[in-house]
Enquirer: 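I'd like to ask some things about the structure below.
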There are 2 protein chains.
Amino acid sequence: MRFDDPPPEPLASAPGFLLSWNGQRIARSFAAALEPLGLRPPHFGVMTLIEANPGSAQRELVERSMIDASTMVAVIDELEERGLAQRRADPGDRRKRAVYLTPTGKRTLERARTAAMETARAIFDPLDQRELETLTKLLRKLAGAGP
Amino acid sequence: MRFDDPPPEPLASAPGFLLSWNGQRIARSFAAALEPLGLRPPHFGVMTLIEANPGSAQRELVERSMIDASTMVAVIDELEERGLAQRRADPGDRRKRAVYLTPTGKRTLERARTAAMETARAIFDPLDQRELETLTKLLRKLAGAGP
DNA sequence: TATTGTTATACTCTATAACTATA
DNA sequence: TATAGTTATAGAGTATAACAATA
C-alpha cells in the first residue's frame with residue numbers, strides 16, 4: 001500500500017480511515033509544495049499568523065497556534081536566519097519580542113500561498129465545484145465550526 | 001488553538017486544512033481508544049492484516065501496509081511479547097516467518113475493533129446518517145477509490 | 001546473486017524542564 | 001511571585017544501511 005494508490009477495501013469504506021488518509025495525503029503534498037521555498041508547514045503557519053497580527057509577542061503566536069513555546073523559538077529563529085522575519089524590542093515590556101515579517105518574508109509568504117493553493121487544486125481535482133462545497137460544509141460541521 | 005476547539009476562520013473555510021485537521025483529530029482519538037488495550041495504531045493495522053491473511057510472511061505484511069521492514073519487525077516483536085501473535089517456521093522456505101494471531105490476539109483485536117467503532121461513532125456524531133454517507137462518498141472519490 | 005528477516009544507527013519532530021531577564 | 005523567552009535534553013516514531021541466513 002502506498003500513498004499514490006487508492007486504499008484497498010475494506011479500508012476505503014471506513015469514513016474514519018478515509019478522513020485520516022486524505023488528511024495525511026494533503027498534508028504531505030502541502031509540505032512538498034513548500035519545500036522548494038525552504039519552508040516547512042510550521043513556518044507557513046507562523047508566517048501567516050504574523051502577517052495577520054504584525055508585532056505579536058511570541059506568546060501570542062503560541063496561543064494562536066498549536067506550536068509550543070520552545071518550538072516557536074526554533075521556528076522564528078529559522079525565519080530570522082532566512083531573512084523572512086524579524087524580532088524587535090517591545091517598547092512597553094522589555095521581556096517581549098515583537099515579531100514582524102520582512103518585505104522578503106511577505107513576498108515569500110505570498111509565493112508559498114500560491115504554491116499551497118495549486119496543491120489544493122490538484123488534490124481536489126476529482127471533485128466538481130458543487131461536490132467540493134458539499135465536502136467543505138460537512139467537514140466544517142464535523143469540526144464543530146459554525147455554518 | 002487546541003484540538004478540542006473548532007478551528008478559527010479563515011482556516012475553517014479551507015477544505016485542505018479541514019481535511020487535515022479532522023484527519024488528525026480522528027487519528028488521535030483512535031490512538032487514545034487503543035491505548036487501554038496496550039496497542040498503538042500500527043499494532044491494530046498489522047493485526048488486522050494478519051487476521052485477513054493468516055500465515056503471511058513478514059514481507060507480505062510490509063507490502064500490504066505502509067510500514068517498512070524494520071518497523072514491522074519491532075511491531076511483531078511487541079505483539080509476540082504480549083502474546084497476541086506468533087511467528088512460526090514456514091515449511092517451504094526457511095527464510096520466511098509465517099505470522100499468526102493467537103486466540104488472545106483474536107479476542108484483543110475484536111475488542112480493539114469495538115473501541116475503534118465507538119470512537120468513530122462519537123466523532124461522526126454531528127452528522128446524520130445521510131450526511132455521513134455523502135461524506136464517505138466524496139472522500140472515496142477524493143482518494144481515487146472506485147464507487 | 002537475490003531475498004527474508006534482523007540489528008544498529010541516525011534522523012525528524014516535538015515536548016519537558018530548567019534557566020535568565022524582566023515585570 | 002509571575003511572565004516572556006530561551007536553552008538543553010529527552011522522547012516517540014520512523015527510516016537507512018549493514019548484516020546473517022537461506023534461496
Side-chain angles (χ1 to χ4, degrees), chain A residues 1-3 20-21 23-25 27-28 30-32 34-35 38-46 49-50 53 55-81 85-100, chain B residues 1-3 20-21 23-25 27-28 30-32 34-35 38-46 49-50 53 55-81 85-100:
Chain A
M1 179 160 63
R2 273 180 280 172
F3 253 123
S20 171
W21 170 270
Q24 274 198 259
R25 208 160 62 93
R28 259 187 182 223
F30 178 52
L34 251 33
E35 207 189 307
L39 301 176
R40 283 172 299 110
H43 297 124
F44 181 85
V46 170
L49 277 175
I50 300 171
N53 312 278
S56 288
Q58 293 183 198
R59 170 120 218 294
E60 295 177 80
L61 299 175
V62 166
E63 274 167 9
R64 291 175 199 243
S65 65
M66 292 208 315
I67 298 172
D68 70 297
S70 69
T71 302
M72 184 63 75
V73 170
V75 169
I76 298 179
D77 281 353
E78 287 158 5
L79 292 177
E80 272 199 322
E81 280 164 25
Q86 266 189 351
R87 283 186 254 237
R88 303 187 202 150
D90 181 311
D93 186 337
R94 290 201 300 175
R95 292 173 303 182
K96 295 187 179 174
R97 321 285 307 269
V99 187
Y100 295 88
Chain B
M1 178 158 63
R2 275 182 278 172
F3 253 123
S20 170
W21 171 269
Q24 274 198 259
R25 208 160 61 93
R28 258 186 182 224
F30 178 52
L34 252 32
E35 206 189 307
L39 300 176
R40 282 171 300 110
H43 297 123
F44 182 84
V46 171
L49 277 175
I50 300 172
N53 314 277
S56 289
Q58 292 183 198
R59 170 120 218 295
E60 295 177 79
L61 299 176
V62 166
E63 274 166 9
R64 291 176 198 242
S65 65
M66 292 208 313
I67 297 171
D68 72 297
S70 69
T71 303
M72 184 62 76
V73 170
V75 169
I76 298 178
D77 281 353
E78 287 158 6
L79 292 176
E80 272 199 321
E81 280 163 24
Q86 265 187 353
R87 282 186 256 238
R88 302 187 202 150
D90 181 310
D93 187 337
R94 290 201 299 173
R95 291 174 303 182
K96 295 187 179 173
R97 321 285 308 268
V99 187
Y100 295 88

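Model, not experiment: these values are computed from the prediction. Chain A is the first sequence line, chain B the second, and so forth, proteins listed ahead of strands; every chain is numbered from 1.
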Enquirer: Is a donor-acceptor pair below 3.5 Å formed from side chain A/Ser70 to base C/dT16, judging by atom type as modelled?
Expert: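 Yes, a donor-acceptor pair under 3.5 Å.
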
Enquirer: Report the distance from atom CZ of A/Arg40 to atom P of C/dC11, rounded to the nearest whole Å.
Expert: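 It is 15 Å, rounded to the nearest whole Å.
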
Enquirer: Side chain of B/Arg87 only, please: which of C/dT6, D/dT14, D/dT6 is the nearest?
Expert: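 Of the options given, the side chain of B/Arg87 lies nearest C/dT6.
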
Enquirer: When you check the phosphate oxygens OP1 and OP2 of C/dT4, does a side-chain N or O of B/Arg59 lie under 4.0 Å from one of them?
Expert: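 Yes, such a contact exists.
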
Enquirer: Could you tell me if the side chain of A/Leu49 sits less than 4.5 Å from the side chain of A/Ser56, heavy atoms only?
Expert: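 No. Closest side-chain heavy atoms not under 4.5 Å.
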
Enquirer: Between atom CG in A/Asp68 and atom P in D/dA10, what is the gap in whole Å?
Expert: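 Atom-to-atom, A/Asp68 to D/dA10, this comes out as 17 Å.
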
Enquirer: Expressed in angstrom and rounded to an integer, what is the separation of B/Gln24 atom CD from C/dT14 atom C1'?
Expert: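 To the nearest whole Å, that distance equals 12 Å.
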
Enquirer: Does the side chain to side chain contact (heavy atoms under 4.5 Å, CB included) test come out yes or no for A/Arg64 and A/Asn53, once each step is laid out?
Expert: CA-CA 10 Å; A/Arg64 291 175 199 243; A/Asn53 312 278; 3.3 Å; yes

Enquirer: Could you state the CD1-P distance from B/Ile67 to D/dT16, rounded to the nearest angstrom?
Expert: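 Distance check: B/Ile67 CD1 to D/dT16 P gives 15 Å.
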
Enquirer: Just wondering, do A/Glu80 and A/Arg87 contact through their side chains at under 4.5 Å, heavy atoms?
Expert: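 Counting from C-beta outward, A/Arg87 and A/Glu80 do come under 4.5 Å.
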
Enquirer: Compare side-chain N and O positions of B/Arg94 against OP1 and OP2 of C/dG5 and report whether any pair is under 4.0 Å apart.
Expert: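 No, B/Arg94 has no side-chain N/O under 4.0 Å of OP1/OP2 on C/dG5.
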
Enquirer: Contact between A/Val99 and A/Leu79 at the side-chain level, heavy atoms closer than 4.5 Å - yes or no?
Expert: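 A/Val99 does not reach A/Leu79 side chain to side chain.
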
Enquirer: From C-beta outward on B/Arg95, which listed nucleotide comes closest to its side chain: C/dA23, C/dT6, C/dA2?
Expert: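 Of the options given, the side chain of B/Arg95 lies nearest C/dA2.
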
Enquirer: B/Asp90 CG to D/dA21 P: how many Å, rounded?
Expert: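 Atom CG in B/Asp90 sits about 19 Å away from atom P in D/dA21.
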
Enquirer: Write down the distance between CG (B/Leu61) and P (C/dT4), rounded to a whole number of angstrom.
Expert: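 Those two atoms, CG and P, are 12 Å apart.
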
Enquirer: What's the closest nucleotide to the B/Gln58 side chain, out of C/dG5, C/dA23, D/dA15?
Expert: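 Among C/dG5, C/dA23, D/dA15, the one nearest the side chain of B/Gln58 is C/dG5.
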
Enquirer: In terms of side-chain heavy atoms of B/Asp77, which of C/dT7, D/dT6, D/dA4 is nearest?
Expert: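 Among the listed nucleotides, the one closest to the side chain of B/Asp77 is C/dT7.
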
Enquirer: Identify which nucleotide among D/dT22, D/dT6, C/dT14 has an atom closest to any side-chain atom of A/Ala69, counting heavy atoms from C-beta outward.
Expert: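 Taking heavy atoms from C-beta onward, the closest nucleotide is D/dT6.
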
Enquirer: With the side chain counted from C-beta on, respond yes when A/His43 and A/Leu34 share a heavy-atom pair under 4.5 Å apart, and no when they do not.
Expert: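 Result no, sub-4.5 Å side-chain heavy-atom pair not found.
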
Enquirer: Roughly how many Å is it from CE in A/Met72 to C1' in D/dT3, rounded to a whole number?
Expert: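 Going from A/Met72 (CE) to D/dT3 (C1'), I get 17 Å.
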
Enquirer: Would you mind reading off the distance between B/Glu60 atom CD and C/dT3 atom P, rounded to a whole angstrom?
Expert: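 These atoms are roughly 15 Å apart.
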
Enquirer: The side chain of A/Val73 lies closest to which of these nucleotides: C/dT22, C/dT6, D/dG5?
Expert: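 It is D/dG5.
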
